[in-house]
K.L.:
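Provided herewith is a single structure, encoded as structure tokens, for subsequent inquiry.
The chains referred to below are lettered A, B, ... by the order of the sequence lines, with proteins before strands, and numbering in each begins at 1.
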There are 2 protein chains.
Amino acid sequence: MTANAQASHRLRAHEARCQTCSLSSLCLPLALNMEDIDQFDAIIRRRAPLRKGEVLFTQGDAFDCVFTVRSGSLKQITNENSGMEQLTGFYLPSELAGLDAIDSNCYPGTAVALETTTVCEIPFDRLNALSEQMPELRTQLFKSLSKELHEDRRMMMLLSRKTADERLASFLVNLSQRFRRRGYSPYSFRLSMARADIGNYLGLAVETISRILTRFQTQGLVDIRAREVHILHLDGLIELAEGECQGGR
Amino acid sequence: MTANAQASHRLRAHEARCQTCSLSSLCLPLALNMEDIDQFDAIIRRRAPLRKGEVLFTQGDAFDCVFTVRSGSLKQITNENSGMEQLTGFYLPSELAGLDAIDSNCYPGTAVALETTTVCEIPFDRLNALSEQMPELRTQLFKSLSKELHEDRRMMMLLSRKTADERLASFLVNLSQRFRRRGYSPYSFRLSMARADIGNYLGLAVETISRILTRFQTQGLVDIRAREVHILHLDGLIELAEGECQGGR
DNA sequence: CGGTACTTTGACCAAATTCAATCACTGTGG
DNA sequence: CCACAGTGATTGAATTTGGTCAAAGTACCG
């Protein structure tokens, strides 16, 4: 590698551009042409990486930006008056956080980094303005919102109709699919979240998560040591995740 | 009333216009000026009323329109492969159904009228196009999507952290508030859905709904006979709905 | 007026929670 | 380099909430 190439590499790493970003085919500008991407790129701010546990935005803060994860992962937690705390979602690279803040103009949850995480910060008013000139961008934004709605509906079904086993299987399958889409192995990955986070997200006690994971292990479905996951029998998990509920409950 | 006035009344009833619609302050065009409302109005199609049990759109159908309820109410049901059936929401007048179809380009659930129901049909491609020229409309559309996201998150919290009592109290309080916003009494209203629908929506068995409603009744919180609801002690219900979970589970 | 669909009530049961205790892993400071 | 603290994960036993099954009661519609 020449000195020149090294320098250019360092530059890219530091102030990455959408043009060179490996996530561009999954991210908001996915449908834009080169020219539009440049304009889009111009409104984005890159931040110093968040360290594990650092907060990206806090529940109640005034809304001004949405964020895409560039590397690492986030969790979003919502507190209700009564001290109830709900983990409403995990965000992986290329996923868009903060969309649920548009309506009320303040973030309805707190976003926390689960590991070292870099994000792109997109001021929403400028994004909104840009979406006027770029129908593809607007459509993509509508789609992102709609997709998250759709995901939430799946989650509602999971929470209200599925057993603990089915929930955990769904969770693992879902992660696996998201990793696959991003070009990582769908069979081997690292959980960036604690068991307690998984439990909170799935509406189950930590102990239940733990018990079921060991059961999955003894059944030969997965091999999990600490946070390292190896899926041994994906079809089995998928079958489990779908459940055979005959409309009960 | 003169014959003329009668005719004009009949006209309005038949092919209502946004300009004269009593819901305009709650509905999509809420931020538009007169001129824009006219343009918006022009893309809307009004349909013959749906009778109870009739289907507005079916899961899997190609997506082309979103719908606002003008009178009556809808439920949306999603079937998963495995025969699991989840009621993902109820739509009251001025609420927008079908937004969750934008991403996948087909309706992810079936919308069914719970009573005689009229809707406005809005072709999404034309709405999208119009939102290019009308920033207020675009913003309102983003807000509607975001709001539904937000609602779903509340629902996820309800499903994963609340007891049966808290869920049902939340449900009644939520309905009450939605009626209030629409100018109806928050204390007396009619449930357009069956107990089974409520149960499905809240992730509880019908029997549980029934038991808890009678308990609420004996506790003097409500007076319910058949589907007629009278809320006697709204604050009590609200308190119940919030629960005192200290972050458990 | 009769039938169908919806609702209520009771008895029993099972899944998942709670409580309690132990174990493993990480990182820090002596 | 190792002991120790602290967090996170696992396991077991007892409890509880809400589900299932069964049956009877009630409202609504033609």
Side-chain angles (χ1 to χ4, degrees), chain A residues 51-53 75 84-85 87 112 114-116 158-169 171 190-218 222-229 240 243-249, chain B residues 51-54 75 84-85 87 112 114-116 158-171 190-218 222-229 240 243-249:
Chain A
R51 307 196 138 272
K52 180 175 172 172
K75 64 176 173 183
M84 250 182 268
E85 203 175 276
L87 206 163
V112 181
L114 290 169
E115 57 198 313
T116 303
L158 179 146
L159 290 171
S160 81
R161 315 222 85 72
K162 291 193 175 178
T163 65
D165 290 51
E166 289 161 5
R167 293 185 202 189
L168 202 45
F171 176 73
R190 196 174 171 286
L191 298 173
S192 58
M193 67 294 285
R195 303 285 192 272
D197 290 329
I198 301 176
N200 186 319
Y201 180 58
L202 297 178
L204 298 169
V206 202
E207 294 93 327
T208 307
I209 302 295
S210 197
R211 275 185 253 273
I212 295 174
L213 283 182
T214 27
R215 182 140 40 80
F216 282 179
Q217 179 124 330
T218 61
V222 295
D223 179 37
I224 299 185
R225 35 197 78 214
R227 297 198 175 174
E228 216 59 51
V229 177
L240 228 176
E244 8 238 294
C245 280
Q246 37 259 9
R249 238 197 214 194
Chain B
R51 309 196 136 273
K52 178 175 175 175
E54 278 186 331
K75 65 177 174 183
M84 252 182 268
E85 202 176 275
L87 206 163
V112 181
L114 289 169
E115 56 198 311
T116 303
L158 179 145
L159 290 171
S160 82
R161 317 221 83 72
K162 292 192 174 177
T163 65
D165 289 51
E166 289 162 5
R167 294 185 200 188
L168 202 45
S170 298
F171 177 73
R190 194 173 173 288
L191 299 173
S192 58
M193 67 294 284
R195 304 285 192 272
D197 290 329
I198 302 176
N200 185 320
Y201 181 57
L202 297 177
L204 298 169
V206 201
E207 294 93 328
T208 307
I209 302 294
S210 196
R211 276 185 254 271
I212 294 175
L213 284 182
T214 28
R215 181 139 40 81
F216 283 179
Q217 179 125 327
T218 61
V222 296
D223 179 36
I224 299 185
R225 39 195 75 215
R227 299 198 175 175
E228 218 57 52
V229 175
L240 227 176
E244 8 237 294
C245 279
Q246 35 260 8
R249 236 193 216 195

K.L.:
Closest approach of Gly53(A) and Val112(A), non-hydrogen atoms and distance?
P.N.:
O-CG1, 3.5 Å
K.L.:
For Asp197(B) and Leu87(B), indicate whether the former's side chain and the latter's backbone hold a donor-acceptor pair under 3.5 Å.
P.N.:
no
K.L.:
Begin with the C-alpha distance, continue with both residues' side-chain angles, and end with the deciding distance and a verdict on side-chain contact (heavy atoms from CB on, under 4.5 Å) for Thr116(B) and Lys52(B).
P.N.:
CA-CA 5 Å; Thr116(B) 303; Lys52(B) 178 175 175 175; 5.6 Å; no
K.L.:
Write down the protein N/O and nucleotide N/O pairs, taken from nucleotides 13-15 of chain C, whose separation is under 3.5 Å; answer none if there are no such pairs.
P.N.:
none

K.L.:
If I take atom CG in residue Asp165(A) and atom C1' in nucleotide dT17(C), what distance separates them, rounded to the nearest angstrom?
P.N.:
15 Å
K.L.:
I need the Glu166(B) CD to Leu240(B) CG distance, nearest 0.5 Å.
P.N.:
7.0 Å
K.L.:
Please list all pairs meeting salt bridge (charged side-chain N to carboxylate O under 4.0 Å, His left out) that have one or both residues in residues 199-208 of chain A, counting only residues at least two apart or in different chains.
P.N.:
none
K.L.:
Which angle, to the nearest 10 degrees, lies between the helix axes at the two ends of the helix from dC1(C)-dG30(D) to dG30(C)-dC1(D), each defined by five pairs?
P.N.:
40°
K.L.:
Calculate the interatomic distance between Arg215(B) atom CZ and dG10(C) atom P; express it in whole Å.
P.N.:
13 Å
K.L.:
Tell me the closest heavy-atom pair linking Ser170(B) and Leu158(B), and the distance in Å.
P.N.:
CB-CD1, 3.6 Å
K.L.:
For Val229(B), check side chain to side chain contact (heavy atoms under 4.5 Å, CB included) against everything at least two apart and list the hits.
P.N.:
Phe189(B), Leu191(B), Ile224(B), Ile231(B)
K.L.:
How close or far is atom P of dA27(D) from atom CG of Leu191(B), stated in whole angstroms?
P.N.:
16 Å
K.L.:
For a quick test of reading the model, state the closest non-hydrogen atom pair linking Leu202(A) to Arg167(A) and the distance between them.
P.N.:
O-NH1, 2.8 Å
K.L.:
In whole Å, what is the span from the CG atom of Leu202(B) to the C1' atom of dT17(D)?
P.N.:
16 Å
K.L.:
Applying salt bridge (charged side-chain N to carboxylate O under 4.0 Å, His left out), can you list everything that pairs with Arg51(A), at least two apart in sequence or on another chain?
P.N.:
none
K.L.:
Please report the distance, rounded to the nearest Å, between CD in Glu166(B) and P in dT16(D).
P.N.:
17 Å
K.L.:
Before giving the answer on side-chain contact (heavy atoms from CB on, under 4.5 Å), spell out for Arg215(A) and Asp165(A) the whole-Å C-alpha distance, their side-chain angles and the decisive distance to 0.1 Å.
P.N.:
CA-CA 9 Å; Arg215(A) 182 140 40 80; Asp165(A) 290 51; 2.5 Å; yes
K.L.:
What pairs of nitrogen or oxygen atoms, one from the protein and one from nucleotides 6-13 of chain D, lie under 3.5 Å apart?
P.N.:
residue	atom	partner	partner atom	Å
dA9(D)	OP1	Arg195(A)	N	3.4
dA9(D)	OP2	Arg195(A)	N	3.2
dT10(D)	OP2	Arg195(A)	NE	3.0
dT10(D)	OP2	Ser210(A)	OG	2.8
dT10(D)	O5'	Ser210(A)	OG	2.9
dT11(D)	OP2	Thr214(A)	OG1	3.1
dG12(D)	N7	Arg211(A)	NH1	2.9
dG12(D)	O6	Arg211(A)	NH2	3.4

K.L.:
Specify the separation, in whole Å, of atom CG of Leu204(A) and atom C1' of dT17(C).
P.N.:
10 Å
K.L.:
Roughly how many Å is it from CD in Glu228(B) to P in dC6(C), rounded to a whole number?
P.N.:
18 Å
K.L.:
In this structure, how many angstroms lie between the P atom of dC29(D) and the CD atom of Glu115(B), rounded?
P.N.:
12 Å
K.L.:
Going from CG on Leu168(B) to OH on Tyr201(B), what distance comes out if it is rounded to the nearest 0.5 angstrom?
P.N.:
12.0 Å
